[in-house]
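Just so it is clear, the structure is predicted and the values come from calculations on it, not from any experiment. Just so we're on the same page: letters track the sequence lines, and every chain starts at 1.
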There are 2 protein chains.
Amino acid sequence: MSDCGGGRYDSLLLSNQMCFPLYAASREILRRYKPILDELGLTYTQYITMLVLWERGTVSVREIGSTLYLDSGTLTPVLKKLEQKGLIVRRRDESDERLLDISPTDEGMALREKALEVPGKICGCVDLTKEEAETLCKILSKIFGER
Amino acid sequence: MSDCGGGRYDSLLLSNQMCFPLYAASREILRRYKPILDELGLTYTQYITMLVLWERGTVSVREIGSTLYLDSGTLTPVLKKLEQKGLIVRRRDESDERLLDISPTDEGMALREKALEVPGKICGCVDLTKEEAETLCKILSKIFGER
DNA sequence: CAAAATTAAATTGCACACAATTGAATTTTA
DNA sequence: TAAAATTCAATTGTGTGCAATTTAATTTTG
């Protein structure tokens with residue numbers, strides 16, 4: 001049952017998997033973001049959605065999806081929730097009724113001010129140097145290569 | 001609305017967030033694992049659970065949880081599913097009835113042979129050098145530092 | 001131009017994650 | 001040792017992700 005040394009099953013050791021450290025680290029980061037995002041009243045997914053809207057103003061669901069790599073099955077309920085909170089408005093595009101345009105409300109844009117505190121607080125609870133963070137991002141971006 | 005150059009809101013650009021590349025890459029890796037794990041009839045979470053059982057034999061739910069950073073709310077339904085598939089057995093520990101011991105069945109252990117193909121197939125669809133993969137794991141492990 | 005193909009969002013169903021609570025078993029402590 | 005505190009798994013409820021399907025709108029094509 002054990003695999004000390006160079007066992008036949010070494011490739012299946014949890015520590016040798018590509019998926020596990022990445023997935024676990026990703027959830028750990030999300031756990032650290034949570035209390036900070038709680039202060040904004042946003043979940044993680046709601047937060048990255050607002051980041052897109054703060055950057056670009058009015059965008060279609062499709063554009064949000066291709067930016068965040070999320071499909072309408074995920075985004076539709078998230079956007080309905082943000083609408084409930086009064087942070088965004090959902091309106092059909094006039095020139096193409098298939099598209100649903102999402103715009104931040106004044107209240108949604110106001111939240112951006114409060115959100116300015118977030119990045120600083122994150123750095124305080126993730127112990128990576130700026131160089132490590134850059135290396136990490138560089139390697140991670142390579143994963144998206146051959147899509 | 002736009003933030004060209006050194007805007008006041010640069011820290012909120014999606015590209016400057018710690019969480020996003022990590023989370024997106026993690027989901028991308030899971031997407032690449034999926035067709036490979038489909039051949040085993042396992043989901044990702046079921047797969048990493050089986051990895052623990054293949055390595056250690058009989059373990060408690062608690063031990064699986066602390067290894068994978070998952071709680072009973074997540075594990076209970078996963079383990080019931082694996083039991084349904086005939087891959088594991090769930091039995092209360094005799095010396096401490098609070099603990100639920102999980103053991104792979106013969107069928108569960110047999111699946112390990114088929115699983116040996118997985119790591120090779122993963123390398124074929126994630127375009128990182130061995131060195132990059134090691135650097136990645138090293139940086140990711142730092143994230144778990146001050147828990 | 002009309003039928004066929006494509007596109008976008010919504011819906012449905014399944015599988016996690018995780019916080020919070022519950023209930024049973026065990027350990028600690030007064 | 002009996003009450004209090006702790007531990008463990010299960011349960012409940014919310015919020016994603018994502019595949020597959022549906023419906024409506026638009027574009028392509030014969």
Side-chain angles (χ1 to χ4, degrees), chain A residues 19-20 22-35 37-38 40-50 59-85 88 90-102, chain B residues 19-20 22-35 37-38 40-50 59-85 88 90-102:
Chain A
C19 55
F20 180 65
L22 193 52
Y23 190 57
S26 156
R27 288 188 294 120
E28 176 64 22
I29 291 285
L30 256 49
R31 269 191 288 274
R32 309 237 177 148
Y33 265 84
K34 185 166 189 313
L37 295 181
D38 279 349
L40 297 183
L42 297 178
T43 64
Y44 165 74
T45 313
Q46 290 166 7
Y47 175 65
I48 59 172
T49 301
M50 290 307 298
V59 284
S60 66
V61 172
R62 163 170 170 51
E63 195 174 343
I64 298 175
S66 67
T67 304
L68 302 179
Y69 308 112
L70 292 172
D71 70 6
S72 67
T74 301
L75 284 174
T76 295
V78 169
L79 293 169
K80 285 183 176 171
K81 206 60 182 274
L82 289 172
E83 186 181 45
Q84 269 180 30
K85 291 180 203 256
I88 66 166
R90 300 158 72 240
R91 197 184 310 107
R92 286 286 158 186
D93 189 297
E94 287 184 11
S95 69
D96 185 342
E97 296 265 342
R98 288 173 304 181
L99 298 171
L100 187 68
D101 286 331
I102 309 296
Chain B
C19 55
F20 181 64
L22 192 51
Y23 190 58
S26 157
R27 288 188 296 117
E28 177 64 23
I29 290 286
L30 256 49
R31 268 191 289 273
R32 307 234 178 150
Y33 265 84
K34 184 165 189 316
L37 295 182
D38 279 349
L40 296 184
L42 297 178
T43 64
Y44 165 73
T45 313
Q46 290 167 8
Y47 174 66
I48 59 172
T49 302
M50 290 307 296
V59 284
S60 67
V61 171
R62 151 151 190 64
E63 195 174 343
I64 297 174
S66 67
T67 303
L68 301 178
Y69 309 111
L70 293 172
D71 71 6
S72 67
T74 300
L75 284 174
T76 296
V78 169
L79 294 170
K80 285 183 178 173
K81 208 60 182 274
L82 288 173
E83 186 181 44
Q84 270 180 31
K85 291 180 202 256
I88 65 166
R90 299 157 73 242
R91 197 183 309 109
R92 284 288 158 185
D93 188 297
E94 287 184 11
S95 69
D96 186 340
E97 296 265 343
R98 287 173 304 183
L99 297 171
L100 188 68
D101 287 332
I102 309 296

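Residue Arg92(A) has no polar side-chain atom (N or O) positioned under 4.0 Å from OP1 or OP2 of dT26(D). Close to dC16(C), at under 4.0 Å from its OP1 or OP2, lies a side-chain N or O of Thr43(B). Dashed line: the shortest gap from a side-chain N or O of Arg98(A) to OP1 or OP2 of dT22(D) is not under 4.0 Å.
Heavy-atom nearest nucleotides on DNA chain D were determined for Lys81(A) and for Leu99(B), and the one closer to the 5' end corresponds to Leu99(B).
Computed from coordinates, the Asp38(B) CG to dA15(C) P distance equals 12 Å when rounded to whole Å. Taking atom CG of Leu79(B) as the reference point, atom C1' of dA15(C) lies 14 Å away to the nearest angstrom. Tyr44(B) places its OH atom 11 Å from the P atom of dC16(C), with the value rounded to the nearest Å. Counting to the nearest Å, the P atom of dT26(D) and the CD atom of Glu94(A) are 12 Å from each other. One interatomic measurement links the two molecules: CD1 of Ile48(A) to C1' of dT16(D), which rounds to 11 Å at whole-angstrom precision. Atoms CG (Leu75(B)) and C1' (dT11(D)) sit 14 Å apart, rounded to a whole Å. To the nearest angstrom, P of dT6(C) lies 23 Å from CD of Glu97(A). Rounded to an integer number of Å, the gap from CG of Leu37(B) to P of dA15(C) is 15 Å.
In this structure, CG on Leu70(A) lies 11.0 Å from OG1 on Thr76(A), to the nearest 0.5 angstrom. Residue Leu37(B) holds its CG atom at 7.5 Å from SG of Cys19(A), rounded to the nearest 0.5 Å. Residue Leu68(A) holds its CG atom at 10.5 Å from OG1 of Thr74(A), rounded to the nearest 0.5 Å. Note that CG of Leu79(B) and OG of Ser72(B) are 10.0 Å apart. Values are rounded to the nearest 0.5 Å. Atoms OG1 and CD, on Thr43(B) and Gln46(B) in that order, are 3.5 Å from each other to the nearest 0.5 Å. The distance from atom CD1 of Ile88(A) to atom CE of Met50(A), rounded to the nearest 0.5 Å, is 7.5 Å.
The salt bridge (charged side-chain N to carboxylate O under 4.0 Å, His left out) test applied to Glu83(B) returns Arg90(B), not counting sequence neighbours.
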Distances under 3.5 Å between protein N/O atoms and the N/O atoms of nucleotides 18-20 of chain D, please, pair by pair.
from, atom 1, to, atom 2, distance (Å)
dC18(D), OP1, Arg31(B), NH1, 2.7
dC18(D), OP2, Arg27(B), NH1, 2.7
dC18(D), OP2, Arg31(B), NH1, 3.2

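Counting all heavy atoms, side chain and backbone alike, Leu42(B) lies closest to Tyr47(B) at CD1-CA, 4.0 Å.
Between Lys81(A) and Gln84(A), the closest side-chain pair of non-hydrogen atoms falls below 4.5 Å.
Using a 4.0 Å cut-off on heavy atoms, the residues of residues 61-68 of chain A that approach DNA chain C are Val61(A), Arg62(A), listed by number.
When each of dA15(C), dT11(D), dC8(D) is scored by its nearest atom to the side-chain atoms of Lys80(B), the top-ranked nucleotide is dT11(D).
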